[in-house]
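Structure, as structure tokens:
From a predicted model like this one, the values you see are computed outputs, not experimental measurements. Side chains included, hydrogens not; waters and symmetry mates left out as well; all remaining heavy atoms used.
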Amino acid sequence: VGGLADVTDLPGISSILRRVIVEQLAQFIVLPNKVSVPLVNNIPMKVFKCPEPEGILRVTLVEAKNLDEDGFLGLWRILAKSDPYVYLKVGAKKFKSQIVKKTVDPVYGETWEAVVEVVKGQRLDIEVWDFDQGMADEFMGRASVPIRSLADRGQTDLWINLEEATSGKVRIQTQWLTMSSDREHYEDRVEEAHGRQLSTAVLMVYVDSCKHLPLAKAGVSSKPDPIVQIRITSRPEAQETWPVKYSRNPVYEQGFIFLVNNPEVDELNLRVYDEKTKADLGLLRLGFGQSS
């Protein structure tokens with residue numbers, strides 16, 4: 001241990017380790033990741049682990065104009081070599097656009113939705129990159145917008161100038177949706193989403209624990225490392241709990257939030273599996289009428 005401590009004191013090593021640690025902590029702490037510390041005993045843990053979000057940010061990446069790369073806008077316009085794509089990020093949620101070939105004025109027309117648990121301090125971050133086959137992609141600029149300003153305005157249609165670039169701007173359209181239990185609001189969302197892959201409802205899932213799980217394989221005496229995987233039928237992405245090592249009665253106390261396209265037909269799929277063997281330990285499918 002003493003030798004290791006001496007190594008970390010070498011010039012350059014301590015700063016590298018510090019940067020790596022800070023980066024890992026920052027990635028973990030970005031919302032929706034959180035660390036809950038209850039200060040009183042009479043409040044259920046699910047209140048901390050699965051709070052109701054403040055709203056949903058719906059973002060449409062419409063187009064971009066006059067994108068530049070390394071200051072050679074005129075040359076790139078002539079050669080039409082740029083293949084730009086865009087990253088949008090809200091908290092820990094990241095979206096990537098399609099690549100539009102050979103243009104500095106790409107048109108996208110792509111829409112994404114992000115759950116925003118806390119508006120204060122959150123930003124919509126935008127980065128534009130040029131795809132280069134067989135080489136490192138080239139950075140073309142970035143922008144950042146406070147989500148508070150988007151939420152306060154309700155709906156926006158904005159041209160945003162790119163920073164760290166000699167030229168270029170991105171057009172986005174945003175819509176801020178708040179939580180409601182009003183049936184009329186739900187019907188408005190259904191009409192709005194007709195024919196499009198947009199959400200109409202929000203599902204909050206709190207995974208407390210599992211009891212009496214089987215062993216991962218017959219004849220194997222070691223206990224499993226169970227993970228609970230949760231998926232909505234209309235959505236490709238799944239969310240998972242942390243694994244609990246060597247337990248047939250794992251306690252998770254983790255909350256998850258899902259966007260739901262159609263709660264009248266969608267289902268909640270739960271899968272418990274062993275991290276080591278990937279063997280299923282249990283499966284459950286629930287219609288939202290059953291899970292309410």
### C210 and Y252: CA distance, side-chain angles, deciding distance, side chain to side chain contact (heavy atoms under 4.5 Å, CB included) verdict
CA-CA 8 Å; C210 298; Y252 298 102; 3.9 Å; yes
### Task
Any salt bridge (Lys or Arg N to Asp or Glu O under 4.0 Å) involving residues 199-210? Give me the pairs, sequence neighbours left out, ordered by first then second residue.
none
### Task
Give, for atom CD of Q98 and atom CD of E110, the distance between the pair rounded to the nearest 0.5 Å.
4.5 Å
### Query
For Y246, does the OH atom sit with more than 12 other heavy atoms under 6.0 Å from it, leaving out its own atoms?
no
### Query
According to the interplanar angle, ranging from 0 to 90°, do the rings of F256 and F258 count as parallel (below 30°), tilted (30 to 60°) or perpendicular (above 60°)?
tilted
### Query
Would you say the side chain of R58 lies within less than 4.5 Å of the side chain of T111, judging by non-hydrogen atoms?
yes
#### Entry: Cationic N near anionic O, under 4.0 Å, E127 to R142
yes
### Message
Within this structure, what is the CZ-CD distance for the pair R231 and E237, rounded to the nearest 0.5 Å?
### Response
8.5 Å
### Task
Could you grab the distance from atom OG of S222 to atom CG of D274, nearest 0.5 Å is fine?
7.5 Å
### Query
Looking at side-chain heavy atoms only, is the closest gap between D125 and S144 below 4.5 Å?
yes
### Message
Under the criterion side chain to side chain contact (heavy atoms under 4.5 Å, CB included), I'd like the reasoning laid out for L259 against V202: C-alpha separation, chi angles, the key distance, then a yes or no.
### Response
CA-CA 5 Å; L259 297 175; V202 174; 4.0 Å; yes
### CD/E184: more than 12 non-hydrogen atoms of other groups inside 6.0 Å
no
### Query
Does the side chain of M140 come within less than 4.5 Å of L162's, by heavy atoms?
no
### Y85 side chain reached by P106 side chain, heavy atoms, under 4.5 Å
no
### Heavy-atom closest pair, residues K276 and K223
NZ-O, 3.2 Å
### Same apolar cluster: Y87 and F139, side chain cutoff 4.5 Å
yes
### Query
Do the side chain of N249 and the main chain of K211 share a donor and acceptor less than 3.5 angstrom apart?
no
#### Entry: Exercise: identify the closest heavy-atom pair between G55 and M179
CA-CE, 4.0 Å
#### Entry: Side chain proximity check, K93 to L88, heavy atoms < 4.5 angstrom
no
### Query
Distance from Q229 atom CD to D280 atom CG, nearest 0.5 Å?
9.0 Å
### Query
Are V59 and V128 co-members of a hydrophobic cluster defined by side-chain heavy atoms under 4.5 Å apart?
yes
### Query
Is it the case that one hydrophobic cluster holds both Y273 and L268, taking links as side-chain heavy atoms less than 4.5 Å apart, direct or via other members?
no
### Query
So do E253 and Y206 actually touch side chain to side chain, heavy atoms under 4.5 Å?
yes
### Task
Please assess D130 against D83 for the test side chain to side chain contact (heavy atoms under 4.5 Å, CB included), listing each intermediate value before the final yes or no.
CA-CA 5 Å; D130 176 25; D83 302 324; 3.9 Å; yes
### Joint hydrophobic cluster, I232 plus I56, side-chain heavy atoms closer than 4.5 Å
no
### Task
Write down the atom of R248, the atom of P214, and the distance for their closest heavy-atom approach.
NH2-CA, 4.1 Å
### Query
Taking the side chain as C-beta and beyond, is there a heavy-atom pair between T103 and P84 under 4.5 Å?
yes
### Message
With salt bridge (charged side-chain N to carboxylate O under 4.0 Å, His left out) as the test, pick out the partner of R189 among E191, E192, E187.
### Response
E192
### Option from T200, T233, N261 for which side chain to side chain donor-acceptor pair (under 3.5 Å) with D266 holds
T233
### Summary
Here the gap from D137 atom CG to D132 atom CG, rounded to the nearest 0.5 Å, amounts to 6.0 Å
### Min side-chain heavy-atom separation L57-Q122 under 4.5 Å
no
### Task
Check the pair W176, R153 against side chain to side chain contact (heavy atoms under 4.5 Å, CB included), reporting the backbone distance first and the verdict last.
CA-CA 8 Å; W176 178 253; R153 294 172 67 176; over 6 Å; no
### Q254 side chain vs W242 backbone, donor-acceptor pair below 3.5 Å
yes
### Query
If Ile, Leu, Val, Met, Phe, Trp and Tyr residues are connected whenever their side-chain heavy atoms lie under 4.5 Å apart, and connections chain through other members, are W159 and V107 in the same group?
no
### Task
Any pair with a residue in residues 94-117 that passes ring-ring contact (aromatic ring centres under 6.0 Å, His included), sequence neighbours left out, goes on the list, sorted by first then second residue, please.
F95-W112
### Task
State whether the side chain of S167 and the backbone N or O of N66 hold a donor-acceptor pair below 3.5 Å, judged by distance alone.
yes
#### Entry: Over all atoms of both residues, closest heavy-atom pair of S209 and V251
CB-CA, 3.9 Å
### Query
Which atom pair, heavy atoms only, marks the closest approach of I172 to I160?
CD1-CD1, 3.6 Å
## Note on the structure
Nearest heavy-atom contact between D182 and S180 is N-OG, 3.1 Å
### Task
Measure the CD-CZ distance between E54 and R148 for me, rounded to the nearest 0.5 Å.
6.0 Å
### Name of the residue among L61, L158, D157 meeting side chain to side chain contact (heavy atoms under 4.5 Å, CB included) with R171
D157
